[in-house]
Amino acid sequence: MDYVTLNTGAKMPILGFGVYQIPPAATEQAVSEAIAAGYRHIDTAQYYRNEAGVGRAVKASGLPRKEFFITTKVGTSGYRETKRQIDTALRNLQTDYIDLMLVHWVMSDYQGTYQALEEAYKEGKLHAIGLSNFNQRQIQGILERFDTVPAVLQNEMHIFHQQREMRAFTKEKRIQFESWAPFGEGARDIFNHPVISQIGAKYGKTAAQTILRFIIQEGVVAIPKSIRKERMAENFDIFDFELSSVDMTALRNLNEDRGLFGWNN
Ligand code: NAD
(Lines give C-alpha, C1' and ligand atoms only; values in the text may rest on other atoms or scores of the structure.)
Protein backbone atom coordinates (compact mmCIF):
# COMPACT_ATOMS: atom_id res chain seq x y z
CA MET A 1 0.00 0.00 0.00
CA ASP A 2 1.15 3.53 -0.73
CA TYR A 3 0.20 6.50 1.42
CA VAL A 4 -0.21 10.23 1.09
CA THR A 5 0.66 12.56 3.96
CA LEU A 6 -2.08 15.01 4.85
CA ASN A 7 -1.46 18.58 6.01
CA THR A 8 -2.18 17.27 9.54
CA GLY A 9 0.87 14.99 9.27
CA ALA A 10 -1.33 11.86 9.21
CA LYS A 11 -0.85 9.17 6.61
CA MET A 12 -3.82 8.22 4.43
CA PRO A 13 -3.80 5.03 2.31
CA ILE A 14 -3.93 6.14 -1.33
CA LEU A 15 -6.45 3.40 -2.10
CA GLY A 16 -9.66 2.89 -0.15
CA PHE A 17 -12.96 1.06 -0.40
CA GLY A 18 -16.10 3.14 -1.08
CA VAL A 19 -19.47 1.94 0.21
CA TYR A 20 -21.92 4.25 -1.60
CA GLN A 21 -25.10 2.38 -2.59
CA ILE A 22 -24.20 -0.72 -0.60
CA PRO A 23 -27.43 -1.46 1.30
CA PRO A 24 -27.09 -1.13 5.09
CA ALA A 25 -27.84 -4.84 5.60
CA ALA A 26 -25.10 -5.88 3.16
CA THR A 27 -22.42 -3.46 4.31
CA GLU A 28 -20.86 -5.44 7.16
CA GLN A 29 -20.23 -8.40 4.88
CA ALA A 30 -18.92 -6.29 1.98
CA VAL A 31 -16.53 -4.36 4.25
CA SER A 32 -15.39 -7.59 5.96
CA GLU A 33 -14.56 -8.99 2.54
CA ALA A 34 -12.75 -5.78 1.60
CA ILE A 35 -10.71 -5.98 4.82
CA ALA A 36 -9.85 -9.61 4.02
CA ALA A 37 -8.71 -8.44 0.56
CA GLY A 38 -6.33 -5.96 2.25
CA TYR A 39 -8.23 -2.65 2.35
CA ARG A 40 -7.70 -0.60 5.50
CA HIS A 41 -9.25 2.65 4.29
CA ILE A 42 -13.05 2.78 4.13
CA ASP A 43 -15.16 5.65 2.77
CA THR A 44 -18.74 5.98 4.04
CA ALA A 45 -21.21 8.82 4.77
CA GLN A 46 -24.23 9.44 6.97
CA TYR A 47 -26.24 9.83 3.77
CA TYR A 48 -25.40 6.21 2.78
CA ARG A 49 -27.04 4.94 6.03
CA ASN A 50 -24.37 2.26 6.32
CA GLU A 51 -21.86 3.66 8.84
CA ALA A 52 -22.98 1.07 11.40
CA GLY A 53 -22.15 -1.79 9.01
CA VAL A 54 -18.67 -0.32 8.53
CA GLY A 55 -18.26 -0.08 12.31
CA ARG A 56 -19.31 -3.71 12.81
CA ALA A 57 -16.93 -4.97 10.12
CA VAL A 58 -13.98 -3.04 11.55
CA LYS A 59 -14.73 -4.37 15.06
CA ALA A 60 -15.24 -7.93 13.79
CA SER A 61 -11.87 -7.86 12.00
CA GLY A 62 -10.14 -7.99 15.39
CA LEU A 63 -7.47 -5.65 14.00
CA PRO A 64 -6.35 -2.62 16.02
CA ARG A 65 -8.35 0.53 15.28
CA LYS A 66 -5.16 2.40 14.35
CA GLU A 67 -4.67 0.12 11.33
CA PHE A 68 -7.76 1.66 9.72
CA PHE A 69 -8.40 4.97 8.05
CA ILE A 70 -12.13 5.68 8.21
CA THR A 71 -13.77 8.56 6.38
CA THR A 72 -17.36 9.63 6.82
CA LYS A 73 -19.34 12.65 5.66
CA VAL A 74 -22.06 14.85 7.08
CA GLY A 75 -24.72 16.90 5.32
CA THR A 76 -24.97 20.64 5.89
CA SER A 77 -27.49 21.08 8.68
CA GLY A 78 -25.39 23.74 10.40
CA TYR A 79 -23.42 24.00 13.62
CA ARG A 80 -25.73 22.50 16.28
CA GLU A 81 -27.07 19.59 14.25
CA THR A 82 -23.59 18.72 12.94
CA LYS A 83 -22.27 18.46 16.49
CA ARG A 84 -24.95 15.84 17.13
CA GLN A 85 -24.17 14.09 13.84
CA ILE A 86 -20.48 13.80 14.76
CA ASP A 87 -21.45 11.95 17.96
CA THR A 88 -23.86 9.75 15.99
CA ALA A 89 -21.08 8.86 13.55
CA LEU A 90 -18.72 7.98 16.41
CA ARG A 91 -21.41 5.68 17.86
CA ASN A 92 -22.26 4.12 14.49
CA LEU A 93 -18.61 3.46 13.76
CA GLN A 94 -17.96 2.19 17.32
CA THR A 95 -14.89 4.36 17.67
CA ASP A 96 -13.67 7.30 19.73
CA TYR A 97 -12.15 9.12 16.75
CA ILE A 98 -12.75 9.38 13.01
CA ASP A 99 -9.75 9.71 10.70
CA LEU A 100 -11.47 12.12 8.30
CA MET A 101 -14.87 13.77 8.25
CA LEU A 102 -16.00 15.69 5.18
CA VAL A 103 -18.73 18.24 4.56
CA HIS A 104 -20.59 16.17 1.95
CA TRP A 105 -21.87 18.94 -0.30
CA VAL A 106 -22.56 22.65 -0.52
CA MET A 107 -26.11 23.24 0.59
CA SER A 108 -27.76 25.19 3.40
CA ASP A 109 -25.38 26.05 6.24
CA TYR A 110 -22.12 24.52 5.12
CA GLN A 111 -20.04 27.11 6.96
CA GLY A 112 -21.78 26.33 10.28
CA THR A 113 -21.19 22.66 9.52
CA TYR A 114 -17.49 23.27 8.95
CA GLN A 115 -17.33 25.22 12.22
CA ALA A 116 -18.65 22.16 14.11
CA LEU A 117 -16.13 19.94 12.32
CA GLU A 118 -13.29 22.30 13.18
CA GLU A 119 -14.28 22.28 16.85
CA ALA A 120 -14.39 18.45 16.91
CA TYR A 121 -11.02 18.39 15.14
CA LYS A 122 -9.53 20.60 17.84
CA GLU A 123 -11.08 18.30 20.50
CA GLY A 124 -9.49 15.23 18.88
CA LYS A 125 -12.76 13.51 17.92
CA LEU A 126 -11.87 14.02 14.27
CA HIS A 127 -8.24 13.56 13.21
CA ALA A 128 -8.77 15.47 9.96
CA ILE A 129 -11.57 17.43 8.31
CA GLY A 130 -12.30 18.27 4.72
CA LEU A 131 -14.75 19.05 1.96
CA SER A 132 -16.58 17.26 -0.83
CA ASN A 133 -18.22 18.64 -3.96
CA PHE A 134 -16.91 22.18 -3.40
CA ASN A 135 -15.75 24.57 -6.12
CA GLN A 136 -12.74 26.90 -5.83
CA ARG A 137 -14.76 29.91 -4.74
CA GLN A 138 -16.44 27.95 -1.96
CA ILE A 139 -13.10 26.50 -0.79
CA GLN A 140 -11.61 29.98 -0.79
CA GLY A 141 -14.49 31.12 1.46
CA ILE A 142 -13.64 28.35 3.96
CA LEU A 143 -9.93 29.24 3.87
CA GLU A 144 -10.70 32.87 4.58
CA ARG A 145 -13.05 32.23 7.49
CA PHE A 146 -11.45 29.33 9.39
CA ASP A 147 -8.03 28.56 10.95
CA THR A 148 -8.08 24.93 9.84
CA VAL A 149 -7.18 24.31 6.22
CA PRO A 150 -9.25 21.34 4.97
CA ALA A 151 -7.01 18.25 4.75
CA VAL A 152 -8.85 16.72 1.80
CA LEU A 153 -11.14 17.66 -1.07
CA GLN A 154 -13.17 14.70 -2.34
CA ASN A 155 -14.64 15.55 -5.75
CA GLU A 156 -15.58 13.63 -8.85
CA MET A 157 -12.46 12.68 -10.79
CA HIS A 158 -11.85 9.99 -13.39
CA ILE A 159 -10.24 9.51 -16.79
CA PHE A 160 -12.92 11.56 -18.58
CA HIS A 161 -12.97 14.31 -15.95
CA GLN A 162 -9.43 14.77 -14.72
CA GLN A 163 -9.84 17.98 -12.73
CA ARG A 164 -6.43 19.43 -13.59
CA GLU A 165 -7.26 22.99 -12.64
CA MET A 166 -8.81 21.99 -9.34
CA ARG A 167 -5.91 19.67 -8.58
CA ALA A 168 -3.42 22.48 -9.17
CA PHE A 169 -5.49 24.72 -6.87
CA THR A 170 -5.69 22.15 -4.06
CA LYS A 171 -1.99 21.35 -4.35
CA GLU A 172 -1.13 25.00 -3.90
CA LYS A 173 -3.36 25.16 -0.80
CA ARG A 174 -1.91 21.89 0.63
CA ILE A 175 -5.27 20.12 0.35
CA GLN A 176 -5.07 16.46 -0.74
CA PHE A 177 -7.29 15.71 -3.74
CA GLU A 178 -9.38 12.53 -3.53
CA SER A 179 -11.37 11.07 -6.42
CA TRP A 180 -14.92 9.92 -6.03
CA ALA A 181 -16.22 7.60 -8.75
CA PRO A 182 -12.73 6.68 -10.01
CA PHE A 183 -14.43 4.52 -12.68
CA GLY A 184 -16.98 7.23 -13.49
CA GLU A 185 -19.45 4.79 -11.93
CA GLY A 186 -18.78 2.39 -14.80
CA ALA A 187 -20.55 4.65 -17.33
CA ARG A 188 -19.58 4.97 -20.99
CA ASP A 189 -18.31 1.40 -21.17
CA ILE A 190 -15.11 2.49 -19.44
CA PHE A 191 -14.02 -1.08 -18.62
CA ASN A 192 -13.89 -1.87 -22.36
CA HIS A 193 -12.29 1.38 -23.50
CA PRO A 194 -9.78 0.37 -26.22
CA VAL A 195 -6.94 2.74 -25.23
CA ILE A 196 -7.21 1.91 -21.52
CA SER A 197 -7.47 -1.84 -22.17
CA GLN A 198 -4.53 -1.86 -24.59
CA ILE A 199 -2.29 0.03 -22.17
CA GLY A 200 -3.29 -2.33 -19.33
CA ALA A 201 -2.61 -5.42 -21.45
CA LYS A 202 1.05 -4.39 -21.80
CA TYR A 203 1.42 -4.78 -18.03
CA GLY A 204 -0.88 -7.82 -17.74
CA LYS A 205 -3.48 -5.62 -16.01
CA THR A 206 -7.20 -5.03 -16.55
CA ALA A 207 -8.77 -1.71 -17.53
CA ALA A 208 -9.96 -1.25 -13.93
CA GLN A 209 -6.43 -1.74 -12.58
CA THR A 210 -5.00 0.62 -15.22
CA ILE A 211 -7.51 3.33 -14.31
CA LEU A 212 -6.76 3.08 -10.60
CA ARG A 213 -3.01 2.99 -11.18
CA PHE A 214 -3.30 6.12 -13.34
CA ILE A 215 -5.19 7.94 -10.58
CA ILE A 216 -2.76 7.04 -7.81
CA GLN A 217 0.26 7.86 -10.00
CA GLU A 218 -1.32 11.30 -10.38
CA GLY A 219 -1.02 11.57 -6.58
CA VAL A 220 -4.79 11.32 -6.10
CA VAL A 221 -6.50 9.10 -3.52
CA ALA A 222 -9.01 6.65 -5.05
CA ILE A 223 -11.96 4.87 -3.38
CA PRO A 224 -13.41 2.37 -5.88
CA LYS A 225 -16.51 0.42 -4.97
CA SER A 226 -17.52 -3.14 -5.76
CA ILE A 227 -19.56 -5.66 -3.82
CA ARG A 228 -17.89 -8.56 -5.66
CA LYS A 229 -14.98 -10.17 -3.87
CA GLU A 230 -12.99 -10.86 -7.01
CA ARG A 231 -13.28 -7.22 -8.10
CA MET A 232 -12.28 -5.98 -4.66
CA ALA A 233 -9.11 -8.06 -5.02
CA GLU A 234 -8.57 -6.96 -8.62
CA ASN A 235 -8.88 -3.28 -7.64
CA PHE A 236 -6.43 -3.76 -4.78
CA ASP A 237 -3.78 -5.40 -6.97
CA ILE A 238 -2.23 -2.23 -8.39
CA PHE A 239 0.97 -1.80 -6.40
CA ASP A 240 3.22 -4.13 -8.41
CA PHE A 241 3.51 -2.14 -11.63
CA GLU A 242 4.12 1.41 -12.80
CA LEU A 243 2.68 3.08 -15.88
CA SER A 244 5.39 4.63 -18.08
CA SER A 245 5.36 8.36 -18.72
CA VAL A 246 4.28 7.68 -22.33
CA ASP A 247 1.28 5.68 -21.08
CA MET A 248 0.46 8.31 -18.44
CA THR A 249 0.39 10.91 -21.22
CA ALA A 250 -1.87 8.72 -23.38
CA LEU A 251 -4.28 8.36 -20.46
CA ARG A 252 -4.12 12.08 -19.67
CA ASN A 253 -5.14 12.70 -23.27
CA LEU A 254 -8.47 10.89 -22.69
CA ASN A 255 -9.63 13.79 -20.52
CA GLU A 256 -12.76 15.53 -21.77
CA ASP A 257 -13.48 17.65 -18.68
CA ARG A 258 -16.84 15.96 -18.70
CA GLY A 259 -18.38 15.03 -15.35
CA LEU A 260 -21.17 12.52 -14.84
CA PHE A 261 -23.83 15.05 -13.99
CA GLY A 262 -22.82 18.06 -16.00
CA TRP A 263 -21.49 20.16 -13.11
CA ASN A 264 -17.85 20.98 -12.95
CA ASN A 265 -16.63 20.60 -9.39
P1 NAD B 1 -17.08 3.86 -9.03
O2 NAD B 1 -16.49 4.79 -10.02
O3 NAD B 1 -16.23 3.28 -7.95
O4 NAD B 1 -17.74 2.68 -9.87
C5 NAD B 1 -18.45 1.65 -9.27
C6 NAD B 1 -18.96 0.72 -10.36
O7 NAD B 1 -17.86 0.07 -10.98
C8 NAD B 1 -19.84 -0.36 -9.77
O9 NAD B 1 -20.93 -0.53 -10.63
C10 NAD B 1 -18.95 -1.60 -9.78
O11 NAD B 1 -19.70 -2.76 -9.98
C12 NAD B 1 -18.05 -1.35 -10.95
N13 NAD B 1 -16.72 -1.98 -10.75
C14 NAD B 1 -15.91 -1.83 -9.67
N15 NAD B 1 -14.77 -2.50 -9.85
C16 NAD B 1 -14.85 -3.11 -11.06
C17 NAD B 1 -13.97 -3.94 -11.79
N18 NAD B 1 -12.77 -4.28 -11.31
N19 NAD B 1 -14.38 -4.37 -13.02
C20 NAD B 1 -15.58 -4.03 -13.51
N21 NAD B 1 -16.47 -3.25 -12.85
C22 NAD B 1 -16.10 -2.78 -11.64
O23 NAD B 1 -18.40 4.56 -8.43
P24 NAD B 1 -18.93 4.96 -7.01
O25 NAD B 1 -19.24 3.80 -6.15
O26 NAD B 1 -20.03 5.93 -7.24
O27 NAD B 1 -17.72 5.77 -6.36
C28 NAD B 1 -16.79 5.18 -5.48
C29 NAD B 1 -16.93 5.74 -4.08
O30 NAD B 1 -16.79 7.15 -4.08
C31 NAD B 1 -18.33 5.53 -3.48
O32 NAD B 1 -18.56 4.21 -3.04
C33 NAD B 1 -18.32 6.55 -2.38
O34 NAD B 1 -17.62 6.06 -1.26
C35 NAD B 1 -17.58 7.71 -3.05
N36 NAD B 1 -18.52 8.71 -3.66
C37 NAD B 1 -18.60 9.93 -3.08
C38 NAD B 1 -19.44 10.90 -3.59
C39 NAD B 1 -19.50 12.23 -2.93
O40 NAD B 1 -20.44 13.00 -3.21
N41 NAD B 1 -18.57 12.56 -2.07
C42 NAD B 1 -20.22 10.64 -4.73
C43 NAD B 1 -20.11 9.39 -5.34
C44 NAD B 1 -19.24 8.44 -4.79
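All residue numbers refer to positions in the sequence shown, counting from 1. Remember, it's 1-based here, ligands and their atoms both numbered in the order they're listed.
Taking the six-membered ring where tryptophan is involved, the planes of Phe239 and Phe236 are perpendicular, since the angle between them exceeds 60° and thus also 30°. Note on ring orientation: taking the six-membered ring where Trp is involved, the planes of Tyr48 and His104 are perpendicular (angle over 60°, cut-offs 30° and 60°). A parallel orientation is assigned to the rings of His127 and Tyr97, their planes being inclined by less than 30° (bins at 30° and 60°).
Listed by number with element, the atoms of ligand 1 under 4.0 Å from a non-hydrogen atom of Val19 are 32 (O), 34 (O). The Glu234 neighbourhood of ligand 1 comprises atoms 18 (N), with distances under 4.0 Å to a heavy atom of that residue. Using a 4.0 Å cut-off to heavy atoms of Ala208, the atoms of ligand 1 that qualify are 17 (C), 18 (N). Taking a cut-off of under 4.0 Å to the non-hydrogen atoms of Pro224, the atoms of ligand 1 that pass are 3 (O). For ligand 1 and Ser226, the ligand atoms under 4.0 Å from any heavy atom of the residue are 14 (C), 15 (N). Distances below 4.0 Å separate heavy atoms of Gly184 from the following atoms of ligand 1: 2 (O). Close approach of ligand 1 to Asp43 (heavy-atom distance below 4.0 Å) involves ligand atoms 33 (C), 34 (O), 35 (C). Residue-ligand proximity, Gly18 to ligand 1, at heavy-atom distances under 4.0 Å covers atoms 32 (O), 34 (O).
Considering backbone and side-chain atoms alike, Phe191 places every N or O at 3.5 Å or more from each N or O of ligand 1. Taking any N or O of Ala181, backbone or side chain, at least one lies under 3.5 Å from an N or O belonging to ligand 1.
For the pairing with Asp99, the salt bridge (Lys or Arg N to Asp or Glu O under 4.0 Å) check across Arg65, Arg40, Lys66, Lys11 returns one residue only, Arg65.
Electrostatic pairing of Arg167 and Glu218 counts as a salt bridge here, judged by a charged N lying under 4.0 Å from a carboxylate O. Electrostatic pairing of Lys73 and Asp43 counts as a salt bridge here, judged by a charged N lying under 4.0 Å from a carboxylate O. Salt-bridge formation is detected for the pair Arg84/Glu81: a Lys NZ or Arg NE/NH1/NH2 atom is positioned less than 4.0 Å from an Asp or Glu carboxylate oxygen. Ion pair Asp87/Lys125 flagged as a salt bridge, since at least one NZ, NE, NH1 or NH2 atom sits closer than 4.0 Å to an Asp/Glu carboxylate oxygen. The residues Arg91 and Asp96 are annotated as not salt-bridged, no charged nitrogen and carboxylate oxygen being separated by less than 4.0 angstrom. At a threshold of 4.0 Å, the pair Glu256-Arg188 counts as salt-bridged, since one of the basic side-chain nitrogens sits closer than that to a carboxylate oxygen.
Heavy atoms of Asn235 found under 4.0 angstrom from ligand 1 belong exclusively to the side chain. Contact annotation: for Ala45 versus ligand 1, there are no heavy atoms closer than 4.0 Å.
Of the protein's non-hydrogen atoms, Asn133 ND2, 2.9 Å is the one closest to atom 40 (O) of ligand 1. For atom 31 (C) of ligand 1, the nearest non-hydrogen atom of the protein is Tyr20 CB, 3.3 Å. Nearest non-hydrogen protein atom to atom 11 (O) of ligand 1 is Arg231 NH1, 3.5 Å. Ranking protein heavy atoms by distance to atom 2 (O) of ligand 1, first place goes to Phe183 N, 2.8 Å. Looking at atom 9 (O) of ligand 1, its nearest protein heavy atom turns out to be Glu185 O, 4.6 Å. In terms of protein heavy-atom proximity, atom 43 (C) of ligand 1 is nearest to Trp180 CE3, 3.2 Å.
Taking 4.0 Å as the cut-off, Trp105 does not count as a neighbour of ligand 1 on heavy-atom distance.
When the heavy atoms of Met232, Glu230, Lys225 are ranked by distance to atom 8 (C) of ligand 1, first place goes to Lys225. Of the listed options Ile42, Leu102, Ile211, Ile223, Ile223 places a heavy atom closest to atom 35 (C) of ligand 1.
More than 12 heavy atoms of other residues, nucleotides or ligands sit less than 6.0 Å from atom CZ of Arg164.
Ring centers of Tyr110 and Trp105: at least 6.0 Å apart, outside the cut-off.
Annotation: side chain of Ile22 is in contact with side chain of Ile227 (closest heavy-atom distance under 4.5 Å).
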